*Asks:* 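Have a look at the structure that comes next, please.
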2 protein chains.
Amino acid sequence: MAANSRLTIAVHILTWLALAHRRGTELLTSDEVAASVNTNPVIIRRSLGDLRRAGLVTVRHGAGAGWSLARVPEEIVLLDVYDAVEGEPLFGMHHTEPNLECPVGKGIRPVLGDVYGKAELALRAELGRTSIADVLRETLQVS
Amino acid sequence: MAANSRLTIAVHILTWLALAHRRGTELLTSDEVAASVNTNPVIIRRSLGDLRRAGLVTVRHGAGAGWSLARVPEEIVLLDVYDAVEGEPLFGMHHTEPNLECPVGKGIRPVLGDVYGKAELALRAELGRTSIADVLRETLQVS
DNA sequence: CCTGCTGTAACAGCCTCTATTACAGTCGAA
DNA sequence: TTCGACTGTAATAGAGGCTGTTACAGCAGG
């Protein structure tokens with residue numbers, strides 16, 4: 001499957017907001033963010049909507065509208081972003097119910113669910129170790 | 001994105017082969033496996049093809065054909081299966097190249113690649129801790 | 001040679017993701 | 001109060017992946 005880029009887009013947005021804030025720009029519009037990410041402003045607004053529902057950004061409406069971080073970048077970790085934009089579990093179960101007369105078909109799903117849950121926890125723990133401030137710092141070092 | 005069920009299907013197949021072998025049945029056809037997974041035999045053959053290319057199962061052609069495990073179930077871990085059937089990385093990068101004149105657009109991709117790599121390593125380590133023998137044992141306990 | 005099964009192509013249906021257009025809603029500023 | 005800029009979201013389109021299905025050539029034991 002072709003992996004989606006939601007997490008990448010969202011982290012990019014937040015990193016850009018963090019840099020703008022540090023430079024003294026309090027608010028950015030979706031058009032301004034879209035210019036950095038190089039995609040359509042609606043894509044950005046949809047992602048920002050997810051981030052707003054998760055409490056990571058705040059929006060100001062009307063004239064002079066725009067977006068800003070709801071917390072300092074040190075207190076936003078990539079796990080927060082992951083939860084904000086990714087809904088589905090990593091691994092899917094059978095599309096059709098397995099044959100319950102077969103001992104494997106009958107019992108395998110909870111076993112797999114357990115293993116998949118542990119694997120996701122390991123992934124989440126790793127995503128919790130990096131903050132937007134970390135990403136911003138390393139990004140500026142690279143360039 | 002709706003997660004695919006490739007890993008689930010492949011683990012189901014291998015667990016079923018392990019149980020059949022323990023019961024004295026050396027070879028299973030794709031039709032027999034499909035009856036347990038409850039899907040089309042071609043789906044099973046496609047998955048078995050991935051597993052064969054990864055060296056996890058062996059196939060016998062001609063009359064009396066069928067499949068069997070290439071190693072004992074204790075020596076096949078879910079990470080082997082994951083590598084056999086999943087190709088794409090977990091998180092995708094930008095579809096279009098970000099704006100390189102923006103400092104974030106210019107430097108964020110290697111930073112994200114590094115974080116994503118670490119997260120995948122954590123996931124893989126966890127998948128390496130469970131074998132087909134573990135799955136079979138727990139599956140039979142459940143039922 | 002026959003037969004049963006593999007290996008794979010081709011296709012359809014469904015769904016997701018990205019991208020884009022359009023437009024109503026919102027609210028500060030003039 | 002009106003204007004204008006921007007948000008929020010619906011609708012739509014194209015591309016591509018996954019599952020499921022049919023079809024058929026290839027293989028090899030009996």
Side-chain angles (χ1 to χ4, degrees), chain A residues 1-10 12-13 17 20 25-35 37-54 57-68 70 85-99, chain B residues 1-10 12-13 17 25-35 37-54 57-68 70 85-98:
Chain A
M1 173 182 346
N4 73 40
S5 59
R6 284 190 194 180
L7 183 59
T8 294
I9 300 295
H12 190 145
I13 292 171
L17 287 179
T25 306
E26 289 300 322
L27 291 176
L28 286 179
T29 68
S30 59
D31 273 52
E32 291 168 329
V33 177
V37 181
N38 192 21
T39 185
N40 192 286
V42 174
I43 302 291
I44 301 298
R45 291 209 285 271
R46 283 206 279 248
S47 184
L48 279 164
D50 290 336
L51 297 172
R52 175 175 54 76
R53 280 181 281 276
V57 298
T58 55
V59 61
R60 180 171 151 181
H61 281 267
W67 302 84
S68 58
V85 302
E86 301 278 359
E88 297 290 319
L90 245 40
F91 304 114
M93 284 294 166
H94 309 68
H95 277 205
T96 59
E97 179 161 295
N99 184 350
Chain B
M1 178 181 343
N4 72 41
S5 59
R6 285 192 193 178
L7 183 59
T8 294
I9 300 296
H12 190 145
I13 292 171
L17 286 180
T25 305
E26 289 300 323
L27 291 176
L28 286 180
T29 68
S30 60
D31 273 52
E32 290 167 330
V33 178
V37 181
N38 192 23
T39 185
N40 192 287
V42 174
I43 302 290
I44 302 299
R45 292 209 285 271
R46 284 205 278 244
S47 184
L48 279 164
D50 290 336
L51 298 172
R52 174 175 54 76
R53 278 181 284 275
V57 299
T58 55
V59 62
R60 179 170 153 183
H61 281 267
W67 303 82
S68 59
V85 301
E86 300 279 357
E88 296 291 320
L90 244 40
F91 304 114
M93 285 293 166
H94 310 68
H95 276 206
T96 58
E97 180 162 294

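Here the structure is a predicted model, which means the values were calculated and not measured.
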*Asks:* For Asp31(A) and dT20(C), what is the distance between atoms CG and P respectively, to the nearest whole Å?
*Replies:*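 After rounding, the gap between these two atoms is 13 Å.
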*Asks:* Under 4.0 Å: is that the gap between some side-chain N or O of Thr96(B) and OP1 or OP2 of dT18(C)?
*Replies:*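 Answer is no, no contact under 4.0 Å.
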*Asks:* Starting at atom CG of Leu7(A), determine the distance to atom P of dT18(C), rounded to an integer number of angstrom.
*Replies:*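 For the pair Leu7(A) CG and dT18(C) P, the rounded distance is 12 Å.
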*Asks:* Could you pick out which residue, Ala63(A) or Thr29(A), lies toward the 5' side of DNA chain D when each is mapped onto its nearest nucleotide?
*Replies:*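 Mapping each residue to its closest nucleotide by heavy atoms, the 5'-most match is Ala63(A).
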*Asks:* A side-chain contact here means heavy atoms from C-beta on lying under 4.5 Å apart; do Glu86(A) and Asn4(A) qualify?
*Replies:*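 The answer is yes, as the side chains (C-beta and beyond) meet within the 4.5 Å cut-off.
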*Asks:* Nearest to the side chain of Val59(A), which nucleotide is it out of dG20(D), dT7(D), dT3(C)?
*Replies:*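 Of the candidates, dT7(D) comes closest.
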*Asks:* In whole angstrom, give the distance that lies between atom CG of Leu27(B) and atom P of dT6(C).
*Replies:*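 In whole Å, dT6(C) P and Leu27(B) CG are 10 Å from each other.
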*Asks:* For the side chain of Ala65(B), counting heavy atoms from C-beta on, which of dT7(D), dA19(C), dT6(C) is nearest?
*Replies:*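 Taking heavy atoms from C-beta onward, the closest nucleotide is dT6(C).
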*Asks:* Any side-chain N or O of His61(B) less than 4.0 Å from the OP1 or OP2 oxygen of dG7(C)?
*Replies:*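 Yes, His61(B) has a side-chain N/O under 4.0 Å of OP1/OP2 on dG7(C).
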*Asks:* Give the rounded distance in Å between these two atoms: CG of Leu28(B) and C1' of dT6(C).
*Replies:*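 Going from Leu28(B) (CG) to dT6(C) (C1'), I get 15 Å.
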*Asks:* With a 4.5 Å heavy-atom cut-off, do His94(B) and Val37(A) have their side chains touching?
*Replies:*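 Contact flag for His94(B)/Val37(A) side chains = yes.
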*Asks:* With rounding to the nearest 0.5 Å, note down the distance linking CZ in Arg45(B) to CZ in Arg52(B).
*Replies:*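 If we round to the nearest 0.5 Å, Arg45(B):CZ and Arg52(B):CZ are 12.5 Å apart.
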*Asks:* Any chance you could measure Leu28(A), atom CG, to Trp67(A), atom CH2, to the nearest 0.5 Å?
*Replies:*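 Leu28(A) atom CG to Trp67(A) atom CH2 measures 11.5 Å (nearest 0.5 Å).
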*Asks:* Which whole-number value in Å describes the distance from Glu88(A) CD to dG17(D) P?
*Replies:*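 The distance from CD of Glu88(A) to P of dG17(D) comes to 18 Å, rounded to the nearest Å.
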*Asks:* On the nucleotide dC5(C), are OP1 or OP2 found under 4.0 Å from the side-chain N or O atoms that Ser30(B) carries?
*Replies:*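 Looking at the OP1 and OP2 atoms of dC5(C), neither is under 4.0 Å from any side-chain N or O of Ser30(B).
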*Asks:* Within residues 41-50 of chain B, which residues have any heavy atom lying less than 4.0 Å from an atom of DNA chain D?
*Replies:*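 Heavy-atom cutoff 4.0 Å gives Val42(B), Ile43(B), Arg45(B), Arg46(B).
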*Asks:* In whole angstrom, what separates Glu26(A)'s CD from dC6(D)'s P?
*Replies:*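 Interatomic distance, CD of Glu26(A) to P of dC6(D): 17 Å.
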*Asks:* Rounded to whole Å, how long is the line connecting atom NE2 of His95(A) with atom P of dC18(D)?
*Replies:*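 So the NE2-P distance, His95(A) to dC18(D), works out to 10 Å.
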*Asks:* Taking only the side-chain heavy atoms of Thr39(A) (C-beta and beyond), determine which of dA19(C), dT21(D), dC17(C) contains the nearest atom.
*Replies:*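 Among the listed nucleotides, the one closest to the side chain of Thr39(A) is dA19(C).
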*Asks:* Think Arg60(A) has a side-chain N or O under 4.0 angstrom from the OP1 or OP2 of dT26(C)?
*Replies:*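 No.
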*Asks:* Rounded to whole Å, please give me the gap between CH2 in Trp67(A) and C1' in dT26(C).
*Replies:*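 Taking CH2 of Trp67(A) and C1' of dT26(C), I get 13 Å after rounding.
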